[in-house]
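Working notes for the structure below.
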Number of protein chains: 2
Amino acid sequence: MTRKAVQSSPAIAPSNGATLVSVAKAASVSLATASRVFSNPELVRRDTAERVLRAAGELGFRPNLLGAKLRAQRTRIVGVMLPTLENAVFAECWRGIEEAALAQGYSLMLVTSRYEPERERERIEYLLRHRVDGMVLTVADAARSAVLDQLDAEGVPYVLAYNQAPSRGKRHSVSVDNRVSARAGVETLIAAGHRRIAVVSGAFVASDRARQRHAGYQDAMRAHGLESLPPLSLPAHTPTQTPADVERIRRLIAAPRAPTALFCTNDMLAIGVISILKRLGLSVPGDISVLGYDGIELGGLLEPPLSTVVQPNNEIGARALARLLERLKAGGSGGSPGRGVPRATLLPHVVRAGATVAPPA
Amino acid sequence: MTRKAVQSSPAIAPSNGATLVSVAKAASVSLATASRVFSNPELVRRDTAERVLRAAGELGFRPNLLGAKLRAQRTRIVGVMLPTLENAVFAECWRGIEEAALAQGYSLMLVTSRYEPERERERIEYLLRHRVDGMVLTVADAARSAVLDQLDAEGVPYVLAYNQAPSRGKRHSVSVDNRVSARAGVETLIAAGHRRIAVVSGAFVASDRARQRHAGYQDAMRAHGLESLPPLSLPAHTPTQTPADVERIRRLIAAPRAPTALFCTNDMLAIGVISILKRLGLSVPGDISVLGYDGIELGGLLEPPLSTVVQPNNEIGARALARLLERLKAGGSGGSPGRGVPRATLLPHVVRAGATVAPPA
DNA sequence: CTGAAAGCGCTAACAT
DNA sequence: ATGTTAGCGCTTTCAG
């Protein structure tokens with residue numbers, strides 16, 4: 001029975017194998033009491049607690065969250081799935097999430113999906129294996145997402161970020177109103193005098209936001225008696241500048257009745273498009289106006305600063321996490337507390353003027 | 001044990017606490033065998049394995065990594081600490097890390113330090129509590145880092161990314177040669193005819209890379225008999241455009257013998273500086289040249305594309321992770337000698353021409 | 001308030 | 001090749 005002399009030292013040497021048991025021993029209390037000092041201090045007498053704390057300090061005790069999580073059947077880990085961090089929108093969102101989680105003592109596990117539904121599945125499964133308590137995620141298409149259906153079926157609590165859930169649906173989300181805000185953005189273009197406005201987007205199939213924003217564009221055009229132009233759909237949501245991309249832009253602006261303003265469904269795209277336009281010899285906004293969407297900080301640091309529809313990215317992340325924690329505390333599993341509370345939170349947007357939009361030539 | 005579970009209609013209630021035990025039971029094998037099917041399949045006969053797998057599928061079994069980790073005393077989780085994701089350099093690096101980890105079946109836990117040593121400590125402690133097997137990190141100052149000292153003392157394996165460890169030191173790192181590459185960059189400025197070149201940096205105290213790059217600048221200047229100018233040190237490493245920042249740039253370029261070229265210690269800074277210069281009425285590179293450092297993709301998407309010293313960001317991340325896993329597999333604990341292998345890996349840099357550098361007016 | 005005891009789900013000796 | 005058996009470090013009833 002004695003398994004002495006395990007000759008090869010095992011994996012990681014935790015520097016000092018101080019465990020709760022050793023702390024309890026050193027403080028002459030039971031394991032249970034030592035545990036309580038860390039998780040429910042109010043159940044322990046002050047001096048007892050202090051004794052334990054002192055022992056812990058002397059032994060260099062570091063709680064092993066694994067043990068706690070396993071036993072407690074709850075990890076206090078939130079899984080986060082974002083399309084990519086290379087688009088600053090999501091990096092800013094992550095920041096909001098991380099701050100909020102830190103403040104509440106929750107841990108995070110981040111995965112990126114690259115806008116690929118296949119990869120979404122795989123990464124979610126990975127989070128599930130880690131027994132995250134819940135998730136904050138941005139999916140390609142919330143309306144038809146295998147991943148979300150699975151999560152619903154399994155009763156895993158989650159909150160969508162950026163994806164805008166139907167207002168009276170069952171899903172929780174934190175976003176701006178993509179359609180309404182896009183319409184507001186396009187209307188500033190119209191107000192500036194533009195009549196021929198085109199949308200430039202990444203592949204619509206990979207982003208429900210892009211589609212909603214396009215719908216907002218159509219709303220604006222229709223409301224002002226203008227004709228919607230066919231959108232220019234580029235392959236990626238992050239900008240690329242392949243010859244093919246350049247050629248498509250060139251054709252777009254060389255057409256007989258070319259648009260005088262472009263509405264890009266995200267800022268990164270807008271930045272890439274502006275560069276291409278400049279290389280094609282056009283001046284922005286002199287020859288053509290460009291409006292972005294997202295409000296990443298970078299946009300404001302450029303010259304001219306990007307005109308764009310601003311969403312509160314940090315806050316979207318922070319609020320999504322906060323909402324998730326509310327759910328976790330309230331119902332535990334997938335339950336549905338919160339009677340009158342709308343599940344789809346819409347945060348306010350702002351159209352930032354910038355300087356990439358001007359009246360048409 | 002008498003009769004096997006009749007699972008005629010699986011009624012896959014997912015996430016229903018199917019455990020290895022229940023799977024083993026359903027497949028009429030022992031817990032150990034069931035376990036082996038997932039961790040050491042080669043120790044199990046094919047048909048047995050298939051039976052187990054089938055049972056697992058029917059029960060909707062999802063391994064609980066917590067149990068495995070706790071027992072195995074090794075989590076297969078790597079902690080990652082980066083200053084921020086809002087600087088695209090680190091977002092690109094993260095991508096390399098995530099891909100590499102995914103490929104090797106390792107999990108990640110990400111924290112950001114914001115370049116604050118205080119926060120570094122705190123976030124590292126957090127990772128340690130999660131019993132990560134090792135870490136990939138970028139610290140403010142590798143030479144005097146309380147965090148690194150602690151990690152060394154505790155024997156926690158880690159690999160630095162971006163921080164460049166001394167070539168014959170004990171620390172592992174993956175980076176470019178900051179000083180040499182910066183010198184190479186500045187020499188392209190000199191080759192273009194510039195004599196008065198100034199460095200623009202974030203707070204040096206918060207970044208050893210910035211200091212090394214500044215040293216490279218001095219090397220270049222000295223080697224060409226030029227006088228180093230005092231650096232302009234801005235408060236943050238991410239660009240801000242406060243009136244104070246603008247004023248400092250204005251004074252810099254309004255001086256009697258103002259620099260004709262600026263070397264910014266990172267790309268984000270360079271992008272911000274270029275905008276400020278433009279707003280001050282200067283043209284880049286017509287009136288003044290700007291060279292960046294990092295080679296983030298964004299730089300190439302701007303017009304004019306940013307001239308910069310390119311580091312392979314994805315690869316830095318991927319290699320740092322790979323190096324860490326080698327260490328993990330080799331020694332387990334912290335202090336394996338590793339004979340002839342240099343611990344500081346230097347990846348090649350490239351000076352990308354871009355179009356923000358031109359001969360002085 | 002504190003203690004004793006029973007595991008959480010899984011892996012790894014050690015047997016067979 | 002498979003089974004048995006001990007726990008990993010912690011939380012949590014249930015009793016004092």
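All of these numbers come straight from a predicted model, not from anything done at the bench. Chain letters run A, B, ... following the sequence lines, proteins first, then strands; residues in each count from 1.
Ranked by how close their nearest DNA chain D nucleotide is to the 5' end, A:Leu20 and A:Arg36 are led by A:Leu20. Sequence order on DNA chain C of the closest nucleotides to A:Ser28 and B:Asn40 puts A:Ser28 first from the 5' end. Of the two residues near DNA chain D, B:Arg51 and A:Val21, the one whose nearest nucleotide lies more 5' is B:Arg51.
Under 3.5 Å, the side chains of A:Asn163 and A:Thr138 contain no donor-acceptor pair of N or O atoms. Residues A:Tyr158 and A:Arg171 bring a donor and an acceptor atom of their side chains to less than 3.5 Å of each other. A donor atom on one side chain and an acceptor atom on the other are not found under 3.5 Å apart for B:Arg319 and B:Thr345.
In this structure, B:Leu31 reaches the bases: a heavy-atom distance under 4.0 Å links it to at least one base atom across the strands shown. Backbone-only contact: B:Ala68 has heavy atoms under 4.0 Å from sugar-phosphate atoms and none from a base. Note on B:Leu66: nothing from the nucleic acid sits closer than 4.0 angstrom, heavy atoms only.
Residue B:Leu70 contributes atom CG, which lies 17 Å from atom P of C:dG7 at whole-angstrom precision. For A:Arg46 and C:dT2, the CZ to P distance is 13 Å, given to the nearest whole Å. In this entry the distance linking NE2 of A:His130 with C1' of C:dG9 reads 15 Å, nearest Å. Between B:Phe38 atom CZ and C:dA12 atom P the separation is 15 Å, expressed in whole Å. Rounded to whole Å, atom C1' of D:dT11 lies 18 Å from atom CZ of A:Arg131. C:dT11 atom P lies 11 Å from atom CZ of B:Arg76, rounded to whole Å. Between B:Asn64 atom CG and D:dC8 atom P there is a gap of 18 Å when expressed in whole angstrom units. Between the P atom of C:dT2 and the CG atom of A:Leu43 lies a distance of 10 Å, rounded to the nearest Å.
A:Gln73 has a side-chain polar atom (N or O) that falls below the 4.0 Å cut-off from OP1 or OP2 of C:dG9. OP1 or OP2 of C:dT11 lies within a sub-4.0 Å distance of a side-chain N or O belonging to B:Ser35. In this model, the phosphate group of C:dG3 is approached by a side-chain N or O of A:Thr33 to a distance below 4.0 Å at OP1 or OP2. Between B:Thr48 and D:dT2 there is a side-chain N or O to OP1 or OP2 distance below 4.0 Å. Regarding contacts with the backbone of C:dG9, every side-chain N or O of B:Thr19 stays at 4.0 angstrom or more from both OP1 and OP2. Side-chain N/O atoms of B:Arg71 include none lying less than 4.0 angstrom from OP1 or OP2 on C:dG9.
Distance from the side chain of A:Val44 is smallest for C:dT2 among the nucleotides C:dT2, C:dG3, C:dG9. Among the nucleotides C:dA5, C:dC10, D:dG3, the one closest to any side-chain atom of A:Ala32 is C:dA5. For A:Phe61, taking side-chain heavy atoms from C-beta onward, the closest of the listed nucleotides C:dC1, D:dC10, C:dG3 is D:dC10. The side chain of A:Ala72 has D:dT11 as its nearest neighbour among D:dC8, D:dT11, C:dT11.
No side-chain heavy atom of B:Leu102 sits under 4.5 Å from any side-chain heavy atom of B:Leu108. Using a 4.5 Å heavy-atom threshold, the side chains of A:Lys69 and A:Ile77 count as touching.
Using a 30° and 60° split on the angle between ring planes, B:Phe90 and B:Tyr162 fall in the perpendicular class, above 60°.
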